[in-house]
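Notes follow once the structure below has been shown.
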Amino acid sequence: MANAADAHHDDHGHDDHYPGFFSRWFCSTNHKDIGTVYLYLSMFAAIVGGGMSWYIRLELAEPGIQHIDDFQFYNVLLTAHGFLMVFFVVMPAMIGGFGNWFVPLMIGAPDMAFPRMNNISLWLTFAGLGMLLISAFVGSGVGTGWTVYPPLSSGIYHPSAAVDFGILSLHLAGAASILGAINFIVTIFNMRAPGMTMHKMPLFVWSILVTAFLLLLALPVLAGALTMLLTDRNFGTHFFDPAGGGDPILWQHLFWFFGHPEVYIIILPAFGIISQIVSTFSKKPVFGYLGMAYAMAAIGVVGFVVWAHHMYTVGLDVDTRAYFTAATMVIAVPTGVKIFSWLATMWGGSIDFKTPMLYAFGFIFLFVVGGVTGVTLANSSADLVFHDTYFVVAHFHYVMAIAAIFAMFGAWYYWIGKMSGKQYSEGLGKLQFWVFFVGVNLLFFPQHFAGLAGMPRRIPDYPDAYAGWNYISSVGALITAIGTVLFFVILFRTYAAGSKAEQNPWGEGATTLEWHVPSPAPFHTFEDQPDMSGKAPAE
Amino acid sequence: MRNKLKTFLPALIGAMLTFGPAMAGPAGEVRSAPWQMWLQEPASPTADRIVAFNAQLMVIETLIVIFVLGLMAYIAIRFNAKRNPTPSKTTHNTLLEVVWTVVPILILVGIAVPSLKHLYFADRIPEADMTLKITGNQWYWNYNYPDNGDFSFDSIIVADADLKEGQPRLLTVDNKVVLPVETNIRLLMTSNDVIHNWALPSLSVKLDTMPGRINETWTRIHEKYVGKTIYGMCSELCGVNHGFMPIAIEAVSKEDFEKWVKEAQQKFASDDTKTDDKVRLADAGATR
């Protein structure tokens, strides 16, 4: 690799020689630039997807129909919100953005293994996002929910090409993710600096490695299912149509065989980020490093054998449901190990409560609250009252959605100095954390009560009894929106007037390799390979 | 909004004080009440078990959250940089790691054993006294009584404008499902179009109506619900009017059920239940 890096070095002659605007941002093969574009793609999608959710909460603030009198449009909004947040906000930011930026830096590699494939991944993701946005304007849009269950998604009930656009959008995003996953796996296996053994890799790199394997195994299943749905809709096949000998439940098995690993794809990189932040600001190495790494691997493995807990009410055999209940509960054990190891890392530490650490603290709280309600939902028996209620909405937003967003905010504050060379304002950052923390809890905690009381998901209007909790929830959504605007204010302020970031702004706790290169990280890094032999795990 | 807060605070305090199994809905009706924080009152043997089981789960989970929050609070106070300037270097404690692996396993086993018992209890009833066949349609339910003369009728939401005094919005239907109390009822479900879900929170019944399949479960309504109406809503996204296909069961005594069956056989004998109208809104005049 040293030779390749040298050759590259000679091409450009100088570290800081940047290509012109178009070739730098559109034809980029540089992991840092690609990571940056991914982050802005994610922020754009977050504004669109978040805007949809705030519009939904506006409608749900009071009983009756106030703003959205076209219920198909309501369904289109909630479907697009799900797709955008999962495929175009969290995945591009965590894996494409922070993964691209910091996996090579953390393992001492000059770039990703396949820089051009990296570029293809980025632009396929853009194309997927474009297809998804187009689908909202074709016919009456995709009003199927992000699960796209046939027969509702079949040609009879969604006759326009909108669902086809949605399918192709996921195909493109899926292909992008598969290519990205291959890139990460090859990079992490082959391009580690000398002495950077697997058991010395920072936990963020471990989390991306496990995530890449999940992507590689889960997404082809989704692609197969999507193709079957596409031919059902357009070429007269009957994979999911009982009238032709097909089975709607087959779709659900295939979808959730992808869909459940997908939620770990979303949360595992968050685990990695939180481990880095907790260790840095506690000024301590991660407690039980090997346990943490293998807990993630265990979560990845078990995540593939629990998919039907999303399908407890479809009429599965009772023995099947008993198996999936037991298997699902198993996941609580490695996730518990993660939580307790983070607490043990902080225990005895000398903790600086800077903004990233506040977000890590917030993440642990959200993940525990969402995690314990997950134990309730793991029970097929309890699911008889909880399935498809707001209790489920509250659960997965806590454990996966806002937990992931907290990790992303934490990561942004943690690494923005390294990425931009400018440091955010600590006071504003803390203010943004508190506004956002209060907002999301006010938004999602009352939904537990609405769900316990029996309020179903995905309805544009609700019986009057649920008005109270929904009103509080919408107030929380407003506060969350303010917190989001504040984040963008901080972002612009950082670029416009941020103080100059030091190479290592966090002090003795920040030991990983990205803090050994200048801020902002130069266009090319590690042209001379760092030697990690004989050093402690880079934690 | 001040009104909402006025009802909210007493309800919140009441709920915290009692933490009872359920907060009762309006008299004569089994549905959720404003500011309800708990499951709906259980009206079947399955629901009795599920409500009790959920209470156990909530206690365990609340304790876990409080435990972790307590640790976090202690860490924030004791191990911040001011109070503890020199970090320790401890990164391993085998005993601790074994404990926090084994204790969760024990808790989970403790949860799984009753959970699976309830699951098998809720699944099927070997000897049913009668059968109700439920067919989901976009966007109404069709009910069939195969053991009582095989008559069928549709049950359609009553539009807001046609509601009579006291009828709950979005829950009122033209023809309620009439079912006898203290009777083992086999429930068979299917769909004519997309997937719907026939869900009654207070009976702990929730099962998809799946095109091309017949799903089976059962219920038994407790004696004390005679004369009460039990409400539910479709619980699987089924298209444009998913939020507008409620379920209403009228629980009656066995004698009244026999009487009703005789009337219903006449009333619904010529009813055309196979309509293809996509949206049908009944007026309240058709309410039984």
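Proteins come first, then strands; the chains are lettered A, B, ... in the order of their sequence lines, and each starts at number 1. For the numbers below, each heavy atom of this structure counts, side chains included, while hydrogens, waters and symmetry mates do not. These numbers come from a predicted model, not from an experiment.
- Residue A/Ala322 touches chain B through both its backbone and its side chain, counting heavy-atom pairs closer than 4.5 Å.
- The backbone N or O of A/Phe386 lies less than 3.5 Å from a partner atom in the side chain of A/Thr389, making a donor-acceptor pair.
- Neither the backbone nor the side chain of B/Pro168 comes within less than 4.5 Å of any heavy atom in chain A.
- Contact annotation for B/Tyr74: only side-chain heavy atoms (C-beta onward) come within less than 4.5 Å of a heavy atom of chain A.
- With a 4.5 angstrom heavy-atom cutoff, B/Leu237 touches chain A via backbone and side-chain atoms both.
- Proximity to chain A is limited to the side chain of B/Thr46, based on heavy atoms less than 4.5 angstrom apart.
- Residue contact with chain A, scored on non-hydrogen atoms closer than 4.5 Å, involves the backbone and the side chain of B/Tyr120 alike.
- Looking only at distances, a side-chain donor or acceptor of B/Gln138 sits under 3.5 Å from a matching main-chain atom of B/Cys238.
- Defined by atom type and a distance below 3.5 Å, a donor-acceptor pair is present between the side-chain atoms of A/His309 and A/Thr328.
- The side-chain tip of A/Arg457 does not point at the ring of A/Tyr390 from less than 6.0 angstrom away and within 45° of straight on.
- For the residue pair A/Thr373 / B/Glu61, no side-chain donor-acceptor distance below 3.5 Å is found, with atom types taken as modelled.
- For a residue to count as touching a neighbouring chain, one of its non-hydrogen atoms must lie under 4.5 Å from one of that chain's; by this rule A/Ser380 touches chain B with backbone and side chain alike.
- If you measure heavy-atom distances from A/Pro151 to chain B, the contacts under 4.5 Å come from both the backbone and the side chain.
- With a threshold of 4.5 angstrom between heavy atoms, B/Asn54 approaches chain A through side-chain atoms but not through N, CA, C or O.
- Contact of A/Ser282 with chain B is made through the backbone alone, with heavy-atom distances under 4.5 Å.
- Both the backbone and the side chain of B/Met72 come within contact range of chain A, each with at least one heavy atom under 4.5 Å from a heavy atom of that chain.
- Using a 4.5 Å cut-off between heavy atoms, A/Tyr466 contacts chain B through its side chain alone, with no backbone atom that close.
- Looking at B/Phe121, neither its backbone nor its side chain comes within 4.5 Å of chain A, counting heavy atoms on both sides.
- Neither the backbone nor the side chain of B/Arg78 comes within less than 4.5 Å of any heavy atom in chain A.
- Interface remark: A/Ala344 contributes side-chain atoms only to the contact with chain B (heavy atom separation under 4.5 Å).
- Both the backbone and the side chain of B/Ile195 have a heavy atom closer than 4.5 Å to some heavy atom of chain A.
- Contact of A/Asn75 with chain B is made through the side chain alone, with heavy-atom distances under 4.5 Å.
- No other option in A/Ala465, A/Gly451, A/Ser350, A/Pro242 has as many heavy-atom pairs under 4.5 Å with chain B as A/Ser350.
- Proximity to chain A involves both the backbone and the side chain of B/Leu207, based on heavy atoms less than 4.5 angstrom apart.
- With a 4.5 Å cut-off on non-hydrogen atoms, A/Pro460 touches chain B through its side chain but not through its backbone.
- A donor-acceptor contact shorter than 3.5 Å links the side chain of A/Thr79 to the backbone of A/Gly145.
- Of all the listed residues (B/His118, B/Arg213, B/Glu97, B/Lys89), the one sharing the greatest number of non-hydrogen pairs under 4.5 Å with chain A is B/Arg213.
- Between A/Arg321 and B/Asp123 a salt bridge is recorded (basic side-chain N to carboxylate O distance below 4.0 Å).
- With a 4.5 angstrom heavy-atom cutoff, A/Thr345 does not touch chain B via any of its atoms.
- You'll find the side chain of A/Met346 reaches within 4.5 Å of the side chain of A/Phe361, heavy atoms only.
- Heavy-atom distances place the side chain of B/Asn215, and not its backbone, under 4.5 Å from chain A.
- Looking at B/Ala76, the atoms closer than 4.5 Å to chain A (heavy atoms on both sides) sit in the backbone and in the side chain alike.
- Interface remark: of the candidates A/Tyr312, A/Tyr462, A/Tyr74, A/Phe73, A/Tyr462 forms the most heavy-atom pairs closer than 4.5 Å to chain B.
- Under 3.5 Å, the side chains of A/Thr313 and B/Asp208 contain a donor-acceptor pair of N or O atoms.
- Looking at A/Pro150, the atoms closer than 4.5 Å to chain B (heavy atoms on both sides) all sit in the backbone: N, CA, C or O.
- For chain B, no part of A/Asp70 is nearby; none of its heavy atoms comes within less than 4.5 Å.
- Taking the six-membered ring where the residue is Trp, A/His448 and A/Phe391 present perpendicular rings, their angle passing 60° and hence far from 30°.
- Heavy atoms closer than 4.5 Å to chain A are found in both the backbone and the side chain of B/Leu108.
- In this structure, the portion of A/Tyr149 lying under 4.5 Å from any heavy atom of chain B is its side chain and not its backbone.
- In this structure, a donor-acceptor pair under 3.5 Å is absent between the side chains of B/Thr190 and B/Thr135.
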